[in-house]
Each structure stands twice: as C-alpha cells, then as structure tokens.
Amino acid sequence: TCVTDTFILHLALTDVLLLVTLPMWAAQAAQADGWTFGTPLCKITGSVFMINFYCGIFLLGCISLDRYLSIVHATQMYSRRKPWVVHTSCLVAWLFSLLLSISDMIFLEAVVDNRQKTTKCVRNYLSGYCRWWLASRLTYHLVGFLLPSAVMVFCYSGILRRLRCGSQGLQKQRAIRVIVTVVAVFFLCWTPYNITLMVDTLQSSRSNTECGMKMSLGKAMTVTSTVGYLHCSLNPILYAFVGVKFRRQLLALLSALGCRVKTSRLQSTVSSRRSSIWSESAETSTVAV
C-alpha cells in the first residue's frame with residue numbers, strides 16, 4: 001500500500017468515528033429534554049469530535065508535506081522499504097490528537113439549563129478554571145487550524161508554482177487533483193466553524209457581552225459545526241468520483257460481493273491511465289489520473 005493510501009485510510013477512520021456520534025447529537029437537538037445520555041457518553045462523543053478534527057488536519061498536513069517534498073525538492077519523505085515510518089506518523093497524529101482532547105474529557109458534562117429546562121452536553125468550566133478554557137480555545141485555534149492551514153497553503157502554493165514552471169505540468173496537476181480537492185473541501189467545511197469559534201472566543205473574554213450576541217453565536221456555531229460534520233460525508237464521494245484507483249477497487253469489491261457492475265468502461269480508462277492519484281512520491285512526475 002502506498003503512502004497516501006495509508007493516510008487516506010486513517011482519514012476514513014476519523015470520519016467513521018465522527019459519524020458514529022452523529023445520532024446522539026441529532027437526538028440532543030430533536031428531543032425536548034436535550035441530552036439524555038448522561039455525562040460519560042457526553043465526554044466520549046465530545047472528545048471523539050475533537051480527536052477527529054485534530055487528527056484529520058494533521059494527516060492532511062502530512063500528505064501536503066510529502067507531496068511538497070517529492071514534487072518541489074524531489075525528496076521522498078517516506079519509502080516503500082520502510083512502511084513502518086508511515087504507520088508511526090499516523091500513530092503519532094492519533095496520540096497527539098488524543099492528548100489535545102484531554103481537556104474535553106475532563107470538563108465535558110451533561111449540564112442542566114434551569115431557564116430552558118433542558119440538559120446540554122457542554123464544557124463546564126467552573127470558577128478558577130477560566131485559564132483552562134482560554135488555553136483550550138487558543139490551542140484549538142493555533143495548533144488545530146491556523147498552523148496546519150499555513151503548512152498546507154505553503155506546500156500547495158510551492159507545488160503549483162513548480163507545476164507551472166516544469167514539464168508535464170498537466171499530468172502532475174492531475175496527479176495531485178484528489179489531494180487538492182480533499183484539502184479544499186476540508187477548508188470549505190471547517191473554516192466557517194473556526195471563524196465563528198474565534199469570534200466566540202473574543203466575545204466570551206469580555207464581561208459585557210450582550211445576551212443577544214451570545215444567542216446568535218450559539219446558533220451560528222450549531223450551523224457551522226453541522227457543515228463541519230458534512231465533511232465526513234463528502235470525503236467518500238471525492239474518493240469515488242475523482243480517484244480512478246479508488247473506483248477500480250470499489251467496483252472489484254462490489255463484484256466480489258456478488259453485485260453486477262459494468263466495468264468495461266472503467267477498465268478502458270484504467271488501461272490508458274496506468275497510475276492513479278495514490279501513487280508513491282517517487283512516481284509523481286509520470287502519474288496521470
């Protein structure tokens with residue numbers, strides 16, 4: 001299995017973990033009583049949300065850096081001879097994401113709102129723990145979004161400049177089409193939520209925030225987080241419709257399960273395109289999707 005395949009597999013795992021928690025969040029929004037699953041499940045589902053976000057953007061950063069080094073500097077960050085290095089990188093991303101979600105595991109609780117007579121799964125920062133709240137928010141903004149985003153923008157800007165100046169530019173652009181699309185969809189889905197969260201952080205640090213502003217931000221965070229959840233559903237569509245190799249393997253799997261699928265057109269396409277987007281870094285200069 002090539003390098004990017006391994007990263008995409010772990011990205012898919014983060015998506016699946018997040019989708020498992022969606023029924024609980026939907027039940028909280030639909031039920032008049034709000035969150036009815038207790039504090040333990042509140043901690044688990046909230047932590048899974050954060051782990052998914054952190055791990056997803058870390059893995060995309062690793063993919064971007066690998067593409068940048070292979071295309072711009074002709075250097076292999078990973079090698080087929082040492083597949084354990086790729087798996088170690090993924091494991092580090094998972095562990096680091098788990099570490100960053102510890103504050104959520106500690107402070108998430110099922111809290112009763114006496115005014116609305118509902119129970120909500122929220123972070124309950126008691127007096128004396130305001131610094132924890134601020135540190136958690138700043139870590140989320142810097143480590144979870146701004147820094148990885150800067151890395152990805154830098155890497156893909158360098159890649160596009162390289163493709164414009166080098167030969168076989170069209171082939172190379174096709175070779176990174178899926179990755180660029182996945183990254184673009186990630187930003188489209190998660191940027192609104194992060195901007196809303198930054199505004200909420202600034203407003204919450206002020207003592208004279210109006211009640212109307214708080215309610216508006218609460219609604220905005222609900223809507224933008226829903227868009228963020230949509231990212232998990234869009235990734236499989238991207239893999240299926242943009243990546244030739246993914247389509248070929250998917251049809252092979254369906255055929256093995258007994259489903260009748262028409263593969264003649266796909267096979268002719270694959271035969272004219274011998275490599276796919278999930279090629280190794282060293283093969284990027286000749287790959288075509």
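All of these numbers come straight from a predicted model, not from anything done at the bench.
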Participant: Could you grab the distance from atom CZ of F58 to atom OG of S89, nearest 0.5 Å is fine?
Facilitator: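 Here the interatomic distance stands at 13.0 Å.
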Participant: Enter the distance from S225:OG to N194:CG here, rounded to the nearest 0.5 Å.
Facilitator: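 If we round to the nearest 0.5 Å, S225:OG and N194:CG are 11.5 Å apart.
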Participant: With heavy-atom distances below 4.5 Å as the criterion, would you say the side chains of Y68 and I63 are in contact?
Facilitator: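 SC-SC contact between Y68 and I63 ruled out.
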Participant: Test T201 against H141 for side chain to side chain donor-acceptor pair (under 3.5 Å), laying out the working first.
Facilitator: CA-CA 10 Å; T201 302; H141 295 319; 3.0 Å; yes
Participant: Are V48 and L41 joined in one hydrophobic group, where the rule is that I, L, V, M, F, W and Y side chains link up if heavy atoms are under 4.5 Å apart?
Facilitator: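 Yes; L41 is reachable from V48 via cluster members.
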Participant: Under a 3.5 Å distance rule, please check whether S136 uses its side chain to pair with a backbone N or O of W132 as donor and acceptor.
Facilitator: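 The answer is no, because no donor-acceptor pair under 3.5 Å joins these two groups.
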Participant: From S47 OG over to I106 CD1, what is the distance, rounded to the nearest 0.5 angstrom?
Facilitator: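 Going from the OG atom of S47 to the CD1 atom of I106 covers 9.5 Å.
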Participant: So do L17 and N52 actually touch side chain to side chain, heavy atoms under 4.5 Å?
Facilitator: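 The answer is no; the side chains never approach within 4.5 Å.
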Participant: With hydrophobic residues grouped by side-chain heavy-atom distances under 4.5 Å, do L19 and L11 end up in a single group?
Facilitator: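 Same cluster: L19 reaches L11 through Ile, Leu, Val, Met, Phe, Trp or Tyr contacts under 4.5 Å.
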Participant: Would you mind reporting whether C42 and F37 have side-chain heavy atoms less than 4.5 Å apart?
Facilitator: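 Side-chain contact under 4.5 Å: no.
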Participant: Run the numbers on T139 and Y54 for side chain to side chain contact (heavy atoms under 4.5 Å, CB included), then give the verdict.
Facilitator: CA-CA 11 Å; T139 301; Y54 280 125; 4.3 Å; yes
Participant: Would you compute the distance between atom CG of L217 and atom OG1 of T222 and round it to the nearest 0.5 angstrom?
Facilitator: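 Result: 10.5 Å between the selected atoms.
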Participant: So, do I57 and S149 sit near enough that their side-chain heavy atoms are less than 4.5 Å apart?
Facilitator: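 In short, these two side chains touch, coming nearer than 4.5 Å.
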Participant: Can you tell me how far the CZ atom of F49 sits from the CG atom of L22, to the nearest 0.5 Å?
Facilitator: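 That separation rounds to 10.0 Å.
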Participant: Applying salt bridge (charged side-chain N to carboxylate O under 4.0 Å, His left out) as the test, list every pair that has at least one member in residues 99-109; sequence neighbours left out.
Facilitator: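 Listed once each, the pairs are D104-R123.
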Participant: Do you know which two heavy atoms are closest between A110 and T39, and how far apart they sit?
Facilitator: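 Nearest pair, atom of A110 first, then T39: N-OG1, 3.3 Å.
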Participant: Would a hydrophobic clustering, with Ile, Leu, Val, Met, Phe, Trp and Tyr connected at side-chain separations under 4.5 Å, put F187 with L146?
Facilitator: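 F187 clusters together with L146.
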Participant: How about Y193 and T196: do any of their side-chain heavy atoms sit closer than 4.5 Å?
Facilitator: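 In short, these two side chains do not touch, never coming nearer than 4.5 Å.
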Participant: Consider only side-chain heavy atoms of I, L, V, M, F, W and Y, link residues closer than 4.5 Å, and tell whether V92 and I51 are in one cluster.
Facilitator: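 Result: no, two separate clusters.
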Participant: Looking at every heavy atom in both L108 and K43, which two are closest together, and how far apart are they?
Facilitator: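 Closest approach of L108 to K43: O-NZ, 2.9 Å.
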Participant: Could you please spell out the steps behind the side chain to side chain contact (heavy atoms under 4.5 Å, CB included) verdict for V111 and V122?
Facilitator: CA-CA 7 Å; V111 179; V122 295; 3.8 Å; yes
Participant: May I have the step-by-step check of side chain to side chain contact (heavy atoms under 4.5 Å, CB included) for K120 and V112, ending in yes or no?
Facilitator: CA-CA 6 Å; K120 297 181 179 179; V112 178; over 6 Å; no
Participant: Check for me, please, whether I102 and F96 land in the same ILVMFWY cluster - side-chain distances under 4.5 Å, paths through other members count.
Facilitator: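 Yes, one cluster joins them.
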Participant: Run the ring-centre check on Y140 versus W133 and record whether the distance is less than 6.0 Å.
Facilitator: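 Distance test on ring centres: not under 6.0 Å, no.
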Participant: Would you indicate whether the side-chain heavy atoms of V199 and M221 approach each other to under 4.5 Å?
Facilitator: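 The answer is no; the side chains never approach within 4.5 Å.
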Participant: Considering non-hydrogen atoms only, spot the tightest contact between A93 and L59 and give its length.
Facilitator: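 In terms of heavy atoms, the two residues are closest at CB-CD2, 4.2 Å.
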Participant: What are the two closest heavy atoms between M152 and L60, and how far apart are they?
Facilitator: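 That closest heavy-atom pairing would be SD-CB, 3.7 Å.
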Participant: Please lay out, stage by stage, how K219 and T224 fare under the test side chain to side chain contact (heavy atoms under 4.5 Å, CB included).
Facilitator: CA-CA 9 Å; K219 293 179 181 179; T224 53; over 6 Å; no
Participant: Test: side-chain hydrogen bond (donor to acceptor under 3.5 Å, both in side chains). Region: residues 90-101. Which pairs qualify, not counting sequence neighbours?
Facilitator: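 Qualifying pairs, neighbours excluded: H10-W94.
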Participant: Anything under 30° is parallel, anything over 60° is perpendicular, the rest tilted; go ahead and classify F53 against F145.
Facilitator: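 Rings of F53 and F145: parallel, as their planes differ by under 30°.
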Participant: Could you pull out the closest heavy-atom pair between T21 and L18, with the gap in Å?
Facilitator: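 The answer is OG1-O, 2.7 Å.
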Participant: Do the side chain of T191 and the main chain of L188 share a donor and acceptor less than 3.5 angstrom apart?
Facilitator: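 Such a contact is absent between T191 side chain and L188 backbone.
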Participant: Would you mind listing every side-chain hydrogen bond (donor to acceptor under 3.5 Å, both in side chains) that reaches into residues 22-35, with sequence neighbours excluded?
Facilitator: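 Those involving residues 22-35 are W25-Y229, Q31-T36.
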